[in-house]
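In what follows, chains carry the letters A, B, and so on, assigned in the order in which the sequence lines appear, proteins first and then strands, with residues in each chain numbered from 1. Everything numeric here is computed off the predicted structure, so don't read it as measured data.
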Amino acid sequence: MDADSDVALDILITNVVCVFRTRCHLNLRKIALEGANVIYKRDVGKVLMKLRKPRITATIWSSGKVICTGATSEEEAKFGARRLARSLQKLGFQVIFTDFKVVNVLAVCNMPFEIRLPEFTTNNRPHASYEPELHPAVCYRIKSLRATLQIFSTGSITVTG
Amino acid sequence: MAARGRCPECGSGSLVEDAHYAQQQLVCAACGCVLSEGLLTTTYTDEEHLREVAYSQSTGQKEQLSRCLQRGIRRVQDLCKVLQLPAVFEDTAVSYFQRALQLPAFHLVSLEKKELLGGCCVFVACRQHRWPLTMGTVCSLLYARQELFASVFLSLQRELGLSVPALSLADLVTTHLNSFRLVQPTASVPAPFLEDKEQLLARTMAIVELASETWLVTGRHPVPVVTAAAFLAWQSLRPGPRLCCPLARFCRLAGVDLPPPAHLRLRELLEILLGMASQLSWLRGFRLDKRTVVKHIGDLLQHRLLLLKRAFSQQDGQGQQDTAPGQGSGSQGSLDKGSGSQGSLDKGSGSQGSLDRGSGSQGSLDRGSGSQGSLDKGSGSQGSLDKGSGSQGSLDKGSGSQGSLDRGSGNQGSLDKGSGSQGCPGQDSGSQGSLDKGSGSQGCPGQGSGSQGSLDKESVSQGSLDKDSVNKDSPGQGCPGQGSGSQGCPGQDSVSPGSLDKDSPGQDSPSQGCPGKDSVSPGSPDKDSLDKGSPGQGCPGQAPPSSPAVAQRQGCPWAGKQQRGGSLRPLLPPCLIHPRKRPRPAAPSAPAVALTGDEPISDSEIEQYLRSPEEIRAFRKAKAWP
């Protein structure tokens, strides 16, 4: 199979999850009242705020910890996080943008061939785990990279970690 | 040891210390006279030296099992008894349970989870001894939720580092069928529905093997597949009275649950069987649909290896053995599902059967309209299939009209998907759209000979061929993917060589309905390559948009060589053949402006995320917030 030109594998990052701290207590009620595009989940004690420009959803806790999801690259995640911190600043909180860390990156890739999952599992015993009754894909863990791949029989592979 | 002294009775010197029931005695070895004896009982004060260690620590048995552990072990043992497992399984499961419960991951969890842990241990023991126990069974016995069971099972596997071999399908079939109550006559099961267990088992096993060879089992839950296979086997063993019995009723009679995916598996199995049936020489004359094919399952299973190879070509050029210049003799593969008239089936002329999957009418072209018209071969009527729009001059060109070639579904004209007919492009009697060869494989099996014309501009092409027409189609399809291979556009692009984009997963589109469309491939790179390769790759992405221009070129060289129609589709997992998701937008090669993440943020951008003071006031009033 000519592996060079036309079969260039495209791996597409679909989600980047990051966290940062604001180092100050946040009044969720005030954010819910004065912020736009927010959802206040009182029972769990968090506020969801959605940004448009980098399409990001942020979960804000009153302790000052913020989790941002939905970015398509690490830089975009950082940009979105900073934007969010800035909006919180505008709301009146003494926000300091610290401890920014990318926690998880999810990417998707497509193989141009199908994969026989049972044989694949038997050949990759300790790393691969396949339970058709639970999930249609093989779960392949790479400990050294702390990554998990979900390999489907159609050749589609989802990488997380 | 002999003590010193003499026996008072006999005077012998052999005195022995002996313990008679824990009581020390000095006894004469000669006459047996007891000289002295030790204390039988001791007082509390005498035992002082024995009280240095507390009782609980001094006893040898340290393992006083905790109550939780005892209860858990009893649960495991009960479970094994209910399932009637051999004793070995019980021991294995109990040992796993004890090991697991000592780990911190399982020691401090809820009681519910500890119960599930017992069930998981039994499940693992069964799997390791190749006993086909399904998770559903264990969950129902424990009244547990499947997600919780799954999480406990996965963490158990991780913590103990167990290697759990996969569920063996053959054993599962045997076990599952044993629970079917179709052997003895009962009040609810009429006589014609009873079946001999051995025969049923053998046939079900064959069908399940067929399913696993055709990508119907990989990644799916095994039980619905077995249920669907058992149903087909049961029906085929005595089709007469049983064909009218639906799957739900069958499960009720047999006394088993009907899992929801079983209907889908049944449909997929029937698709495969119909595909195979199209290759069986003595069945070619018949129009088979999903009911009638059941009668012939026995034959199909007997020759399944050969039929699979023939019906699901994975290399291009398969089936090139058609000698008939026109369209191979006999329709290949016109497999019409649903649509019924293959039109293409005209065997007389050797119409290549187009396999219509999903879309029905081969001609596929006619969506809605149904008649391929083109399929007539013989006179060369152009039946043009029209899908929606007028008829494409079906390709029948005179005798040779491949016309109908709808191979697979594409039927030449078929290329029109949605939009007008491409007019069966196959004008050339000879070259049938060699173009379609490629595409054929994509999904439309039928490409081969008739080149769906679309590609053939040279041929008269009723005009459908024209790029224009083709082009029109493409917009019609609105498939964004022309270039890349229409994912999502069912077959628009598929124009045969489709193989163009192997990568695009959506190539199935060709298979979907009309594969033959020549999508205007905006810049499809290599049509040529497409054509050649296409059918065979078996890559899902066959639908490369071949630019019409290319198609034209292709049309010619192929003259005379008809690809054997029959190829229904490449052997792919069904989700690739019928993709449901919207096509994923292609990854942007690089963002227009590379973000660094540290760009300055202006105030104006932030304003949109804050409410204005008037809004806040109004909100407060409305909600009466403090």
Side-chain angles (χ1 to χ4, degrees), chain A residues 6-14 29 33-38 49 51-54 72-84 86-87 89-91 100 108 110-118 121-122 125-126 129-139 152-156, chain B residues 134-136 146 150 153-154 157-158 161 163-167 212 215 217-223 500-505 525-526 529 537-541 571-573 575-576 584 586-588 591 594-599 601 603 605-611 613 615-616 619-620 623 625:
Chain A
D6 14 321
V7 202
L9 286 184
D10 235 357
I11 183 158
L12 174 70
I13 297 182
T14 52
R29 221 180 207 178
L33 185 64
E34 295 175 18
N37 309 318
V38 290
M49 185 158 174
L51 269 64
R52 253 180 253 123
K53 178 69 181 331
T72 52
S73 76
E74 296 181 25
E75 295 81 22
E76 201 177 290
K78 184 161 192 194
F79 185 56
R82 283 176 54 237
R83 248 211 183 154
L84 189 73
R86 187 63 175 280
S87 1
Q89 254 176 3
K90 285 264 153 143
L91 282 173
F100 174 80
V108 171
N110 258 307
M111 296 287 136
F113 46 79
E114 294 78 48
I115 301 171
R116 271 186 264 265
L117 301 182
T121 325
T122 39
R125 240 307 120 89
S129 140
Y130 174 49
E131 285 298 324
E133 300 182 67
L134 294 179
H135 193 58
V138 169
C139 181
F152 290 84
S153 62
T154 57
S156 161
Chain B
T134 56
M135 284 196 194
Q146 191 133 25
F153 170 70
L154 291 173
Q157 200 179 7
R158 199 176 34 238
S163 101
V164 182
L167 185 63
S212 57
W215 293 102
V217 167
T218 313
R220 271 92 172 272
H221 201 292
V223 173
L500 192 43
D501 298 339
K502 317 263 187 351
D503 304 1
S504 48
D526 301 328
S529 50
Q537 282 71 11
C539 11
L571 208 50
L572 290 176
C575 53
L576 282 181
R584 205 188 288 270
L595 274 184
T596 58
D598 293 315
E599 285 94 349
I601 303 175
D603 277 358
E605 296 170 350
I606 306 295
E607 292 303 315
Q608 58 180 314
Y609 298 118
L610 304 175
R611 283 202 231 262
E615 267 184 6
I616 299 176
F619 202 53
R620 270 223 170 97
K623 291 251 175 173
W625 267 23

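With a 4.5 angstrom heavy-atom cutoff, B:S212 does not touch chain A via any of its atoms. Only the side chain of A:E131 comes within contact range of chain B, judged by heavy atoms closer than 4.5 Å. Looking at A:L134, the atoms closer than 4.5 Å to chain B (heavy atoms on both sides) all sit in the side chain, from C-beta outward.
For the atom pair CG (A:L91) and CG (B:L610), the distance works out to 5.0 Å, reported to the nearest 0.5 Å.
By number of non-hydrogen pairs under 4.5 angstrom with chain B, the leading residue of A:K78, A:Q89, A:R83, A:R116 is A:R83. Between chain B and the residues A:E34, A:K53, A:R82, A:R86, the largest count of heavy-atom pairs under 4.5 Å involves A:R82. Highest contact tally toward chain B, considering only A:T121, A:T72, A:I115, A:L84, is held by A:I115 [criterion: heavy-atom pairs under 4.5 Å].
The shortest non-hydrogen separation linking B:G219 to A:P136 is O-CB, 3.0 Å.
Distance alone, capped at 3.5 Å, places no donor-acceptor pair between the B:R220 side chain and the A:P132 backbone. Side-chain N or O atoms of A:E133 include one that pairs as donor or acceptor with a backbone N or O of B:M135 at under 3.5 Å.
A heavy-atom distance below 4.5 Å is found between the side chains of B:T218 and A:Y130.
Among residues two or more places apart in sequence or in another chain, the side-chain hydrogen bond (donor to acceptor under 3.5 Å, both in side chains) test is passed with A:S129 by none.
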